[in-house]
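Just so we're on the same page: letters track the sequence lines, and every chain starts at 1. It should be emphasised that the depicted structure is a prediction, and the values quoted were computed from it without experimental measurement.
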Amino acid sequence: MPDVRDGLRDGLRSALEVAGVAGAPGEIAIERPRDPAHGDWSSNVALVAAKAAGRPPRGLAEQIVAHLSAQPPPHVVEVTAAGPGFVNFRLAPSWLHEVLAEVVAAGVEGCARSTEGAGRSVSVEFVSANPTGPLHAGHGRWAAYGDSLCRLLERAGYRVCREFYVNDRGRQIDLFAASLSARQRGDEPPEDGYHGEYVTEWAEEMPAAADARQWGLERARQDQADTLAAMNVAFDLYTSESALVGRGAMDDALDELRRRGMVYERDGAVWLRTGDFGDSADRVLVKSDSEPTYFLPDIAYHHEKFSRSELVIDVLGADHHGYVPRMRAALAALGHSRDGYEALIGQNVTLRRGGTEVRLSKRTGDMVLVSELVDEVGPDVTRLVYLLQSIDTTQTIDIDVVSAQSAENPVYYLQYAHARIYSLTRQAAAREVQRVPLCGVDLSVLVHQRELDVLRALASLPDTARAAMRARAPHQVTTWARELAASFHRFWHDCPILRDDIGDDVRQARLWLVEATRIGLAAALDILGVSAPERL
RNA sequence: GCCCUCGUAGCUCAGUGGAUAGAGCAUCGGUCUCCUAAACCGUGUGCGCAGGUUCGAUUCCUGCCGGGGGCACCA
């Protein structure tokens, strides 16, 4: 997609040349000033280049301005030097009219795309909840986050594999099965077993002859799959630990580590030299009772992931962050490049209901399940609420607020913007107003402040999507969508479209502005995994 | 004790190496004979504290204080 900034950069580069500045920065930064009074675009080249040029930044900026004023880049109507040495550009609205046409041409699918992941493959593992119970509201955060991150990566051209690891062996599973069996008999589960209400409910469902372990795994797996489907999250690959071990992947990984001399025995256990690769200590791979730890098959799993993806991403909760150095170390011990592995740590979720916090534990009866949240507020609200803020922040979801069908709920602001667009479409149809093809429409009539603000928001979508992808921060797309919706609501309030006193040319241009808004909003909502209603 | 993370307006949270730090909610007050008022407009003594790097720090670095999480031959 063309970018006005390219023209500005060319202009700045030649101005610097004329000014005799040799050490000009390779990449010239052009940003949107925070304060609109400073123009549409601003560059700090003069500040950056001043030192190398041995000249005061302000003077250099003025020299650049003089050159650019004589030969303005496309759309530029004014160039000024400001502040300590910024070069500010004011552009004619025509640059925004081009943005409108670009958005329409790109469509919902083509919007917000970039190419930096083209030809690259990435594996993203998220949720990976143990098959010992339903997903709680904390898991929901990783589901929403992980899937939207994948959508961002896909928009950047990556080939993405969404992965879920099923930890179906080991002590936790034994305890889960024992808890089910105990409940079935009418006994209490073991002390360190599973005490949640769902265990009792599931035990009632379980046929008397069933193998508690087998049945329980399947029951939990199905429950989780249903919940994820309800959230519109679909995984490409489920990897079961027992299957992984069954096909020898664990032994292969251990052999490979042995071959590389990374493994030794002590106290009857097998240890990995993770301490040599940045971990705080060596770790046990095989316990003295010859059972592997959780770690070993997980190493095998990650090793395998590298055979299908260049970049391997894990989305983990903060309670697992201590695990990252050892996995990083193990992968280094296997010879994988350090920057091929990325662990994204998300902070925990707490819930508030009736003004008090609800603990997320499989042991307490009042644990809040994702499925409850989805049942109560629907998948769209659920996902958007999770994507309202950064995963670096502990999130408190107030169920009373989120479930309220009121203005307090930020979700409706977005949905209402989208619904308004469809409302307009319905009204237009009722009045037999047709939108003529864009090529026959004069967009230059779009000069109202509200119109230009909407277009400015649309212009920043590609940057927003790319930045959110790089920062692994899909919530930035939510913020953008809220801004777009805000500018659209203001436009709607101030700029009538179908009213009789509106000229035909203005009406047509505004109809296309609305269509571009719909496209941008729909693209953002697609990234967020939220479907937008056509009416509220 | 060590590691990770957060500390921004009354509350919930955005935000950026730049020029006057934003939004929602809450408060108070306005706007429908006009495409849905779930909207719009007005109303705000805020970057935890102290150093450092920088032309410029709320943003990067160090220390401190405070909240959360983690430091297993559990997963």
Side-chain angles (χ1 to χ4, degrees), chain A residues 29 31-35 37-38 42 44 47-48 50-51 56-58 82-86 88 128 130 132 167 169-173 175 192 241 266-271 280-281 283-295 298 317-325 343 345-348 350 388-398 401 405-417 419-428 430-431 433 450 475-476 478-480 482-483 485-486 488-502 507 510 514 535-536:
Chain A
E31 291 177 337
R32 289 266 292 277
R34 188 180 289 152
D35 184 347
H38 293 133
S42 175
N44 64 356
L47 291 154
V48 176
K51 201 166 203 175
R58 180 71 198 212
F86 292 101
N88 293 340
S128 290
N130 285 348
T132 55
N167 171 224
R169 301 169 73 244
R171 188 177 136 74
Q172 294 305 316
I173 305 301
L175 283 170
D192 46 0
E241 182 182 335
R266 193 178 75 202
D267 304 331
V270 179
W271 296 71
S280 55
R283 305 291 171 179
V284 171
L285 296 177
V286 183
K287 296 185 270 184
S288 50
D289 62 4
S290 22
E291 277 298 307
T293 59
Y294 172 83
F295 190 31
D298 203 25
D319 53 342
H320 285 86
H321 95 269
Y323 187 69
V324 174
I345 308 300
Q347 299 302 307
N348 296 328
T350 57
L388 233 30
Q389 58 203 65
S390 155
I391 60 157
D392 290 338
T393 320
T394 53
Q395 183 174 34
T396 305
I397 297 178
D398 190 322
V401 170
Q405 307 276 317
S406 75
E408 279 182 64
N409 191 333
V411 170
Y412 291 97
Y413 190 74
L414 274 183
Q415 295 195 315
Y416 186 48
R420 274 186 149 173
I421 292 172
Y422 278 86
S423 160
L424 180 79
T425 307
R426 288 189 293 270
Q427 273 296 324
R431 299 180 188 204
V433 172
R450 298 309 197 198
H475 77 280
Q476 292 179 2
T478 312
T479 303
W480 178 87
R482 296 172 80 176
E483 280 165 9
F488 178 71
H489 283 308
R490 285 192 278 264
F491 156 75
W492 181 277
H493 187 266
D494 291 351
C495 301
I497 301 165
L498 299 177
R499 239 166 52 188
D500 293 341
D501 55 331
I502 300 305
R507 171 157 38 243
R510 285 180 177 168
V514 170
R535 55 180 91 216
L536 286 189

**Item:** Rounded distance in Å between the P positions of B/U59 and B/C49
**Value:** 11 Å
**Item:** Of A/D392 and A/R535, the one whose closest RNA chain B nucleotide lies more 5'
**Value:** A/D392
**Asked** Among side-chain atoms of A/H489 and A/R420, is any donor-acceptor pair under 3.5 angstrom?
**Response** yes
**Message:** Side chain of A/W271, heavy atoms from C-beta onward: which of B/G69, B/C73, B/A38 has the nearest atom to it?
**Reply:** B/C73
**Message:** Categorize A/P496 for me: base, sugar-phosphate, or nothing, with a 4.0 angstrom heavy-atom threshold over every strand shown.
**Reply:** base
**Request:** Grab the CD-P distance between A/Q476 and B/A14 for me, whole Å please.
**Result:** 10 Å
**Complement of B/U62, any strand, by Watson-Crick or G-U distances under 3.5 angstrom** = B/A50
**Prompt:** Heavy-atom distance under 4.5 Å between the side chains of A/F86 and A/L47, does that happen here?
**Reply:** yes
**Request:** Quote, to the nearest angstrom, the P distance that separates B/G68 from B/U31.
**Result:** 47 Å
**Prompt:** Any side-chain heavy atom of A/E241 within less than 4.5 Å of one from A/I173?
**Reply:** no
**Request:** Give a yes/no verdict on base stacking between B/G70 and A/H321: centres under 5.5 Å, planes within less than 30° of parallel.
**Result:** no
**Prompt:** Does one side chain, of A/N348 or A/T394, offer a donor that lies under 3.5 Å from an acceptor on the other?
**Reply:** no
**Asked** Within the structure, does a side-chain N or O atom of A/Y413 lie under 4.0 Å from either OP1 or OP2 of B/C40?
**Response** yes
**Item:** Side-chain-base donor-acceptor pair under 3.5 Å for A/N88 and B/A19
**Value:** yes
**Prompt:** Do the side-chain N or O atoms of A/K287 get closer than 4.0 angstrom to the phosphate oxygens (OP1, OP2) of B/A72?
**Reply:** no
**Distance, C1' atom - from B/A50 to B/U27, rounded to whole angstrom** = 36 Å
**Request:** Nearest-nucleotide wise, let me know which of A/V286 and A/R420 is further upstream toward the 5' end of RNA chain B.
**Result:** A/R420
**Request:** Please tell me which of the listed nucleotides, B/C55, B/U36, B/G69, lies nearest to the side chain of A/Q427?
**Result:** B/U36
**Message:** Suppose we define a pair by two distances each less than 3.5 Å, Watson-Crick or G-U wobble; what does B/G22 pair with here?
**Reply:** B/C13
**Asked** Hey, does the side chain of A/R450 come within less than 4.0 Å of B/C41's phosphate (OP1/OP2), counting only N and O?
**Response** yes
**Asked** If you draw a 6.0 Å radius around CZ in A/R426, do more than 12 non-hydrogen atoms from other residues or ligands fall strictly inside?
**Response** yes
**Item:** Donor-acceptor pair, side chain of A/T293 and main chain of A/V284, under 3.5 angstrom
**Value:** yes
**Message:** Measure CZ/A/R283 against C1'/B/G70 and give the value in whole Å, please.
**Reply:** 11 Å
**Item:** Pair assignment for B/C40, Watson-Crick or G-U wobble, requiring both distances under 3.5 Å
**Value:** B/G30
**Prompt:** Touch check for A/Q389, heavy atoms < 4.0 angstrom, all strands: base, sugar-phosphate only, or nothing?
**Reply:** sugar-phosphate
**Message:** Could you check whether the side chain of A/R490 and the base of B/C40 have a donor-acceptor pair of N or O atoms closer than 3.5 Å, going by distance alone?
**Reply:** no
**Message:** Considering every strand and a 4.0 Å limit on heavy-atom distances, what is the contact class for A/R431: base, sugar-phosphate, or nothing?
**Reply:** sugar-phosphate
**Message:** Does B/C35 have its OP1 or OP2 closer than 4.0 Å to a side-chain nitrogen or oxygen of A/Y422?
**Reply:** no
**Item:** A/F488 CZ to B/A39 C1', straight-line distance once rounded to whole Å
**Value:** 11 Å
**Complete:** Judged by whether its glycosidic angle lies within 90° of 0, B/C32 is syn
**Item:** Pairwise P distance for B/C25 and B/A39, with rounding to whole Å
**Value:** 7 Å
**Message:** Please confirm whether the shortest side-chain N or O distance from A/T393 to OP1 or OP2 of B/A14 is below 4.0 Å.
**Reply:** yes
**Prompt:** Between atom CD1 in A/I497 and atom C1' in B/U36, what is the gap in whole Å?
**Reply:** 13 Å
**Asked** To the nearest angstrom, how far is A/L414 atom CG from B/A39 atom P?
**Response** 11 Å
**Request:** Indicate, yes or no, whether a donor-acceptor pair under 3.5 Å links the base of B/C73 to the side chain of A/S288.
**Result:** yes
**Request:** Would you tell me if any nitrogen or oxygen in the side chain of A/Q415 comes within less than 4.0 Å of OP1 or OP2 on B/A38?
**Result:** no
**Request:** Report the nucleotide, chosen from B/G69, B/A19, B/U36, that has the shortest atom-to-atom distance to any side-chain atom of A/H38.
**Result:** B/A19
**Prompt:** A/R34 has an atom CZ; how far is it from atom P of B/C47, in whole Å?
**Reply:** 15 Å
**Request:** Select one nucleotide: of B/C73, B/C6, B/U31, the one nearest the side-chain heavy atoms of A/H493.
**Result:** B/U31
**Message:** Whole angstroms only, please: what is the CD-P distance between A/Q347 and B/C13?
**Reply:** 13 Å
**Item:** Whole-Å gap separating C1' (B/C35) and OH (A/Y416)
**Value:** 10 Å
**Message:** Heavy atoms only, 4.0 Å cut-off, all strands: where does A/D289 land among base, sugar-phosphate and nothing?
**Reply:** nothing
**Request:** Using the P atom as the reference point in each nucleotide, state the distance between B/G7 and B/C61 in Å, no decimals.
**Result:** 13 Å
**Request:** Compare side-chain N and O positions of A/T479 against OP1 and OP2 of B/A14 and report whether any pair is under 4.0 Å apart.
**Result:** no
**Request:** For B/G29 and B/U5, measure between their C1' atoms and round to the nearest Å.
**Result:** 42 Å
**Message:** Once you apply a heavy-atom cut-off of 4.0 Å, does A/H475 come out as touching a base, just sugar-phosphate, or nothing?
**Reply:** sugar-phosphate
**Item:** Within 6.0 angstrom of A/D500 CG, more than 12 heavy atoms from elsewhere
**Value:** no
**Request:** Determine the contact category for A/S390: base if any of its heavy atoms lies under 4.0 Å from a base atom, sugar-phosphate if only primed atoms, P, OP1 or OP2 are that close, otherwise nothing.
**Result:** sugar-phosphate
**Message:** For B/A14, does the base pair up with any side-chain atom of A/T478 as donor and acceptor (N or O, under 3.5 Å, distance only)?
**Reply:** no
**Request:** Pick the C1' atom in B/A23 and in B/G44, then give their distance to the nearest Å.
**Result:** 13 Å
**Residue-phosphate contact under 4.0 Å: A/W492 side-chain N/O, B/A37 OP1/OP2** = yes
**Prompt:** For the residue pair A/A417 and A/A485, what are the closest heavy atoms and their distance?
**Reply:** CB-CB, 3.8 Å
**Message:** Could you tell me how far B/A57 sits from B/A72 if I compare only their P atoms? Round to whole Å.
**Reply:** 42 Å
**Request:** From the options B/G68, B/G70, B/A14, select the nucleotide whose nearest atom is closest to the side chain of A/D319.
**Result:** B/G70
